Structures are given as structure tokens and as C-alpha cells.
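Each chain gets a letter, A, B and so on, in the order its sequence line appears, and its residues count up from 1. Keep in mind that what you see is a predicted model, and the values were worked out from it rather than measured.
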Amino acid sequence: MDNYLEHLNQSQCTAVRQLEGPMMVIAGPGSGKTRVLTYRIAHLIKSGTDSFNILALTFTNKAAKEMRNRIESIVENHEARNLWMGTFHAVFSKILRIEAEKINYTSNFTIYDTADAKSLIKSIIKEMGLDKDLYKPAVIQNRISSLKNSFISPKDYGNSPELLQTDKIARRDAFGSIYQKYNKRCVKSGAMDFDDLLLNTYHLLNEFPDVLYKYQNKFKYILVDEYQDTNHVQYLIIKKLAALNENICVVGDDAQSIYSFRGANIQNILNFKVDYPDFKTFKLEQNYRSTSNIVNLANSLITHNKKQIEKEVWTKNNEGEKTIVCKTLNDNEEGRIVANTIYQLYIKEKTNWQDYAVLYRTNAQSRALEEALRKKNIPYKIYGGLSFYARKEVKDVLAYFRICINPKDEEALKRIINYPTRGIGATTLQKLIIAANNNEVSIWEVIESLEKYEVKINKGSTEKLNQFATLINSYIVQKDKLDAYALAEQIAKNSGVFHDLYSDKTAEGVSRFENLQELLNGIKDFSEKAVAGENKLELFMQDIALLTNADNEKDDDYNKVTLMTIHAAKGLEFPYVFVVGLEENLFPSMMTMDSRDGLEEERRLFYVAITRAEKRLFLSYALSRFKWGQYTDCNPSRFLEELNKKFIEESIIKLNEKVAEKKPYKIFAKTKTPTKPKPRITKNLKKVSATKQNVNASNLQNLQVGVNVKHSRFGKGKILKIEGSDANKKATVFFEGVGQKMLLLKFARLEILS
DNA sequence: GTATTATCTAAGTCT
DNA sequence: TAGATAATAC
């Protein structure tokens, strides 16, 4: 591609041509930030820089992949393939595997995901005999994570009167001890959590000058995307790596900083000026993405934030239509209206399904939307919730793979030691854990030498444990002989997992079995594509350890409406965007409203949501929403009032009106259900519980004394007595051949026999 | 030790 | 509502 610089505007071009020295690009939404990054890397390569010497850090794997493809198409040879590009976590885990021995790990270390980490914390709390209501695993986990991101080790923690005092007041004196034990157990298991990947990289670079020098020399040019969302540890690592050459380019937008809960720190942008006094700043302020109505609407919102770097986002684009704000009765109606509108636009404007995105604050909101889209036969894909690799059945098989690669992996071991059931129960496992703790070794080491560690268990259990050890060892022997697929298939079948999932013929069971097959297919694909010698299961596992479901897109997911959280939508754009659930306590979220900073971050989040839209934007809220089992009244979000009414469809906004209009989108008449597009439910979708004709809120009142009912376990029976009301309604039922039982109707799925 | 059912309780964004 | 845990039956 010749004259590739001609594809850039003035300010983009100057930013791209500035190859040397520290620089910061402040880029508004839709201003071509990614374009500057890709062209800058391409320009570096075209100007003779060895791509081995470039490091580009992105926020998602997907962004890295797309950017690499674009760069390859610009430089038109394979020069770009040596480029190091990926997320912080991916790039650093690669470095850590190379240098593992230096920090007392081996290169086969496991990466614990959030679920693994939480499970470990849970068992530590249990082993210490602490009250799990006082020590909630999720809370402890968050606290450990934020301490790690602030460089506070368990030792530092113990030396800080302030921190100790905080926990004393919260009656969590044992926190420090949990933290310490957690770290110890991770090391013993040869495992790192997500935070460790960053922290250990920092320690590696800090304590081994030769290693630091090696990477400083390697990465002569460093580029960082989404700089506003880097945390303190990431900041320090970049600073270290860039110290020798100072060719560092960071790109970001303070107005789009939405990850403070993960330790992201706007201070990093301000620090930049201190660290590199002779840095250059570039501002990209022209928006190419959205209509002027959308750009101006977004601007009118963000001015309500006090903390901001000065910049003016503007556009030459058409005015476009005004944004529509829609009041709905409840979440179901909101879903219906969104689905109807999408369908209408799809027909009227001859668009594709992938032109639409529905964005929400929390994953739980996807339910009502899914249902509505399904009813209208609109194909959709949903990001968020569980990633494919986080599903129980997938994690179980992966746990076998993990054990083969790193037998010390405690969390993997706990998953499979009794799955499929082989008679090694909770009591035996507890004994093993205690022995492992007492001897400061991993559970696996205890299993391999039961006598040595003096584990007191009966003969039967000993025999079973020995069988288990033999089984795992047989896999370990095969590990280096077989390719990834052959090994995976053998393990899945030989361990009994395959059979266990196959024999479950319920709808959920079938879907679980399909997921297992999908996993195996993925591994097969990997084996076939990999170069000889690189087709081992270990490498497959490294590949997937840091993948999210956004990276797992299938080919048939292409033409579908996208449903995702706003966080997940960062960096993306869609012609038509629906932002739903604009209600107080939901957006802004309840937890953020007591601090100015929290509220400002929510506002930035809304800003991100608005600026995803290219052509049209729809905002909606419900007067009532189904939350934790019942309908709750809602008020419209304060953010709606902050929007400049000039850019909004006035007739629709009636915030103070009590009664919802029947057809809030007057532009679209009543719709018919389409027949053409087939519903495609992807495997990524959350399963929707089959709606049985059981008793639910609506026909609860039909249950009266004397009515004949059927219970899934107790069989047929007759209601003798009803007491309580609403959610706590109970019935005393006499079941044939079983006797009298008192049941909470909310849970007992009684079928009415007429 | 295992499997099933009853009851309780939480409630957010993600690598 | 759903996921986790406790209680119960086998």
C-alpha cells in the first residue's frame, strides 16, 4: 500500500510521523485512535525498524489481532509477524514463562482465573475456621487484588497500622493471614493469578538488571493503547521498559476511563508529564464516527464531570436524527420495544443484524432482552457472563489437562480428584490438604507419597488414591509423546468424563456434552494448524488461559445483533445503538453513588455508551424492573436530565409522567412478527430455563385447599392448608404414599392436576 | 461416601 | 431468580 500516510488527517499524520521520543496521544471517541496506532507501527516498520523491536500493548486480545492484520495489509510482507503485540497479561505471561526460573517458578506455571482464585480463598477461610459471613470470599478476593495492584505485599500489609486498623474495625483481623496463605498456596501450586502476572513481571524486571536490560534493548519502541485504563503496576512496568530508549507512545482518552475498579488510575496520564518532561502531546478531536447530534449529546453529558483534560470533540458529519429516549413500563416491555424497533429498522433501512448493538450496565439485564429478541426471531449473540472456557464441564476437562502440565495445580486437582466420582470424598481431601499444609508441599506430592507424609486414611481410600495417581501419571507420560488432540481425546475418554457427560440425556446434559465436543474440536483445529513440535497440549492451554468469550467468536456469529455490557463495548462501534436500563441505582449503579469519583466514572461509562453509535441512538428506562425475584419501582437516571434536550426527540421525553405510553416510538407503527430470519441460538448463549407449566407468580392464586397437585419427587397429592402470602406462601400437602409435607410454593414446582 | 432435595441468600463492571 | 449450602435419604 503506497502513500499510506495519505489516509490520515493532519493531526493523525503528525502523530504517526513522530517516531522517536516520548509522546502522548489524547484521542476523543471515533477520532481514529486505532488508525494512528496501526499506521504508526506500519510506518515504523516501513522506516526500517526491525519489528522484533516493537512492543504494542492493547486492552483486548481481539484488538491486538485486528491491529496485526491491518498492519500486515499495510506493510505488505510478513515483516509484521515478529511484532510483540497483545494484552498486558498475554505479553507478560510470555515473558514470565521464558524467565520463570529466576522468580522460583517453572515455565509450566498455571494461570488461576477468578474462579480458581476464589475457590482457593474459600478453602483457606474454611481451613482457618473463620466465619464465612464475616469473611466473604468475593470481598477478600477484591481486597487482595487491590492490594496487589498497589504493591502492598502481605508483609507490607502487616507493617501498616492503617490497614490493620481498617480490618480490625471491620472485624476481619485475620485478613492479613488469609492474604499471606493465599500467596503461599499459589506459589506452592505453581500458579499465578491475573494480578501476579503483572506483579511478578515487575519484580522480575526490578530485581534482575540483566533481564531488564535484555527487554529494554529488545523493545526499542513501545506503544500502549487505552492508556487511561492502565493501573499502577502496569504503569511502572512500562516506565521501566521504556527507560533506556524513551521511545514510548501512549494513546488514550481520560473521558473514557472506566476501569478504576481494576485499579486503573488517571494519575498515569498526569504522571507522564513528570516522567518525560520533553514529551509531545497530540490531540485527536475530530470525530469521524457519529452524527453531530450524537457527538453533541455526548459532549453535553461529559461536561458535568469536573475532572477532565481539556479537549473539544467535534465532527463534520451530518446532523442525523435526534436521539430517542423511551420510557417503558418494565424490563420486559423495554425488551419488546427494543426488539420491535430493531426489526422495523432492519426492514426499513435495509441493514444487517450486525449493525445493531444493545448495551447495558449489568449482565443480568440481558435476560429480558434475549427473550424479546428470540420471540421476534431476531438472531443475536451475547458477550459476557461465562466465557466458554469458564463453563463447569469445560473447566473440568481442562483441569485434567492442567494437572498433566502442572501436577502441583491445587485447584485443578480438587476439581478432578473425585470427578467422575471415584470414592475420594471430602474427608479424604481435607486430610490431604492438612498434610500438604503441614509439610509445605502440594497436594499432589502428598498423594504420591502417602506414607512419607503420614496421612491417616483407611486402606480403601489409600487404594483409590493410588489408582488416581497411577491414572494421572499415565497421562503425564503421554504428554510429550502425543499431540494436543490425541492426548486430549484420550484423557476425556479414558478418565470417564466423556462417558459421564454422554450419559446425561437431559437438555442441559446434551448441551454440556456438545460443549465438550466443541472443546475437543477446538483442540483438533489447534493441533492441525500448529507447526510440528508446537502442537502440544501445553501450548494450547497457554493460548486459551487468557482468552475471554469476546475472543471466541464463531464464524456463524457474524450477522447477529450484539448484546453486551458497556464495558465490553469499549473500542467498538455500531450504526445503531440501544442503551437500556437508564435508571437510578442501576445506571448509575447503587454502589457508586456515594462518591463523586464513583459517579463521574459512571458518567464516563455512559459517555462511552453514547459514543459507540454511528447513526442512531436509542435510550430507554423502565418504571419497574424484575430484581431478585420481584418487581421493584425505578426512577429515571439522573444522567438523562443532564443531556441537552436539543439533541433529543422531545415528544418522547416525559420524565415526570406517571403512566407509560402504549407506543413510545411513535415513528414505528405496530409490528408483525417476522417469519424470514431463523432463530439461531449459539452455544454462547446462556441457557434459558425451560418454561414449564409450573406454578409461578401468575397462577399462584389457583392453588387452593382441595386442589390436586403433582410434585416432581413426592408425586401426586392434595393441598390441605395454605398459609402466608406472596413470596412466602406455603402449602401443606398430603402426598399419596409419602405423607404430609409443608412446601414453600416459591420453590416447590407444583403442577396443578385438573 | 453419594445423590437428591430443601432452604437460604445475594444482588457489578473484567484480564 | 439462581447458585451455594445444608439437610436428608440412600
Side-chain angles (χ1 to χ4, degrees), chain A residues 57-62 86-93 111-114 117-119 122 126 132-133 136-139 142 145 149 192-198 226 229-231 234 258-264 359-365 367-368 383-385 387 390 392 418-429 458 460-461 464 545-551 564-570 585-592 598 601-602 604-605 608-609 625-632 686-689 696-697 711-714 727-728 730 741-744 746-749:
Chain A
L57 296 165
T58 61
F59 199 71
T60 61
N61 296 302
K62 202 176 158 196
T87 62
F88 281 86
H89 291 85
V91 167
F92 295 165
S93 66
I111 297 174
Y112 274 177
D113 66 14
T114 332
K118 196 169 178 176
S119 150
K122 252 188 196 166
K126 202 170 167 192
K132 67 173 168 43
D133 293 325
K136 291 181 181 161
V139 175
N142 276 330
S145 172
N149 284 316
M192 297 189 199
D193 65 18
F194 290 138
D195 302 315
D196 289 335
L197 293 176
L198 307 178
E226 308 283 10
D229 284 321
T230 52
N231 67 28
Q234 291 169 327
I258 55 173
Y259 276 93
S260 73
F261 68 92
R262 232 168 75 186
L359 308 180
Y360 35 78
R361 178 65 181 81
T362 68
N363 281 306
Q365 286 167 260
R367 236 186 118 96
Y383 293 104
S387 96
K392 189 192 170 297
N418 199 29
Y419 174 76
T421 46
R422 48 173 73 85
I424 305 173
T427 348
T428 309
L429 182 59
N458 61 40
S461 297
K464 283 166 188 162
L546 293 164
L547 287 189
T548 63
N549 43 11
D551 304 313
M564 54 167 62
T565 63
I566 302 164
H567 281 92
K570 190 169 87 153
N585 295 329
L586 180 61
F587 196 9
S589 150
M590 195 157 40
M591 286 99 149
T592 60
E601 175 146 325
E602 292 288 295
R604 291 194 294 270
L605 190 58
V608 169
R625 187 171 290 277
F626 202 59
K627 279 181 204 168
W628 42 92
Q630 57 187 338
Y631 279 99
T632 321
K686 276 181 252 164
K687 268 157 262 133
V688 181
S689 49
N696 54 37
H711 185 268
S712 55
R713 192 171 124 218
F714 304 128
N728 293 316
K730 288 175 208 159
K741 293 270 170 192
M742 183 144 79
L743 305 160
L744 203 55
K746 192 162 59 165
F747 297 113
R749 310 217 150 181

Please pick, from [options], the nucleotide with the shortest atom-to-atom distance to any side-chain atom of [X].
{"X": "A:Ser589", "options": "B:dG12, C:dT1, B:dT15", "value": "B:dG12"}
{"X": "A:Phe626", "options": "B:dT15, B:dT13, C:dT1", "value": "C:dT1"}
{"X": "A:Asn363", "options": "C:dT1, B:dA10, B:dC14", "value": "B:dC14"}

Any heavy-atom pair between the side chains of A:His89 and A:Ile111 that's under 4.5 Å? no

How about A:Asn142 and A:Phe261: do any of their side-chain heavy atoms sit closer than 4.5 Å? no

Would you indicate what [X] reaches in the nucleic acid, counting non-hydrogen atoms under 4.0 angstrom: base, sugar-phosphate, or nothing?
{"X": "A:Phe88", "value": "nothing"}
{"X": "A:Thr592", "value": "base"}
{"X": "A:Glu601", "value": "nothing"}
{"X": "A:Thr565", "value": "sugar-phosphate"}

Atom-pair distance ([atom1] on [X]; [atom2] on [N]), nearest Å:
{"X": "A:Tyr360", "N": "B:dT13", "atom1": "OH", "atom2": "C1'", "result": "12 Å"}
{"X": "A:Asn231", "N": "B:dT15", "atom1": "CG", "atom2": "C1'", "result": "10 Å"}
{"X": "A:Lys118", "N": "B:dG12", "atom1": "NZ", "atom2": "P", "result": "11 Å"}
{"X": "A:Asp229", "N": "B:dC14", "atom1": "CG", "atom2": "P", "result": "12 Å"}
{"X": "A:Glu602", "N": "B:dT13", "atom1": "CD", "atom2": "P", "result": "11 Å"}
{"X": "A:Arg422", "N": "B:dA3", "atom1": "CZ", "atom2": "C1'", "result": "18 Å"}

Counting just side-chain N and O atoms, does [X] come under 4.0 Å of either OP1 or OP2 of [N]?
{"X": "A:Arg367", "N": "C:dA2", "answer": "yes"}
{"X": "A:Thr428", "N": "B:dG1", "answer": "yes"}
{"X": "A:Asn418", "N": "B:dT2", "answer": "yes"}
{"X": "A:Thr427", "N": "B:dG1", "answer": "yes"}

Students often mix this up, so state it plainly: with edges at 30° and 60°, are the rings of A:Tyr259 and A:Phe59 parallel, tilted or perpendicular? tilted

What pairs with A:Lys627 under side-chain contact (heavy atoms from CB on, under 4.5 Å), at least two apart in sequence or on another chain? A:Arg625, A:Thr632

Could you list the residues that satisfy side-chain contact (heavy atoms from CB on, under 4.5 Å) with A:Lys392, not counting sequence neighbours? A:Asp396, A:Arg415

Restricting to salt bridge (Lys or Arg N to Asp or Glu O under 4.0 Å), what partner residues turn up for A:Lys570, sequence neighbours left out? A:Glu226, A:Asp229

Test of understanding: with salt bridge (Lys or Arg N to Asp or Glu O under 4.0 Å), list the residues that count as partners of A:Arg262, not counting sequence neighbours. none

Of A:Thr60 and A:Thr421, the one whose nearest nucleotide on DNA chain B sits closer to the 5' end is A:Thr421

Starting at the 5' end of DNA chain B, which residue's closest nucleotide do you reach first, A:Thr362 or A:Leu546? A:Thr362

Identify all pairs in which a protein N or O lies below 3.5 Å from an N or O of nucleotides 4-7 of chain C, and state each distance.
none

Expressed in whole Å, how much space separates the C1' atoms belonging to C:dT5 and B:dG12? 23 Å

Taken in chain and number order and not counting sequence neighbours, the residues that satisfy ring-ring contact (aromatic ring centres under 6.0 Å, His included) with A:Tyr360 are none

Using the rule for Phe, Tyr, His and the six-membered ring of Trp, do A:Phe261 and B:dT13 stack at under 5.5 Å and under 30°? yes

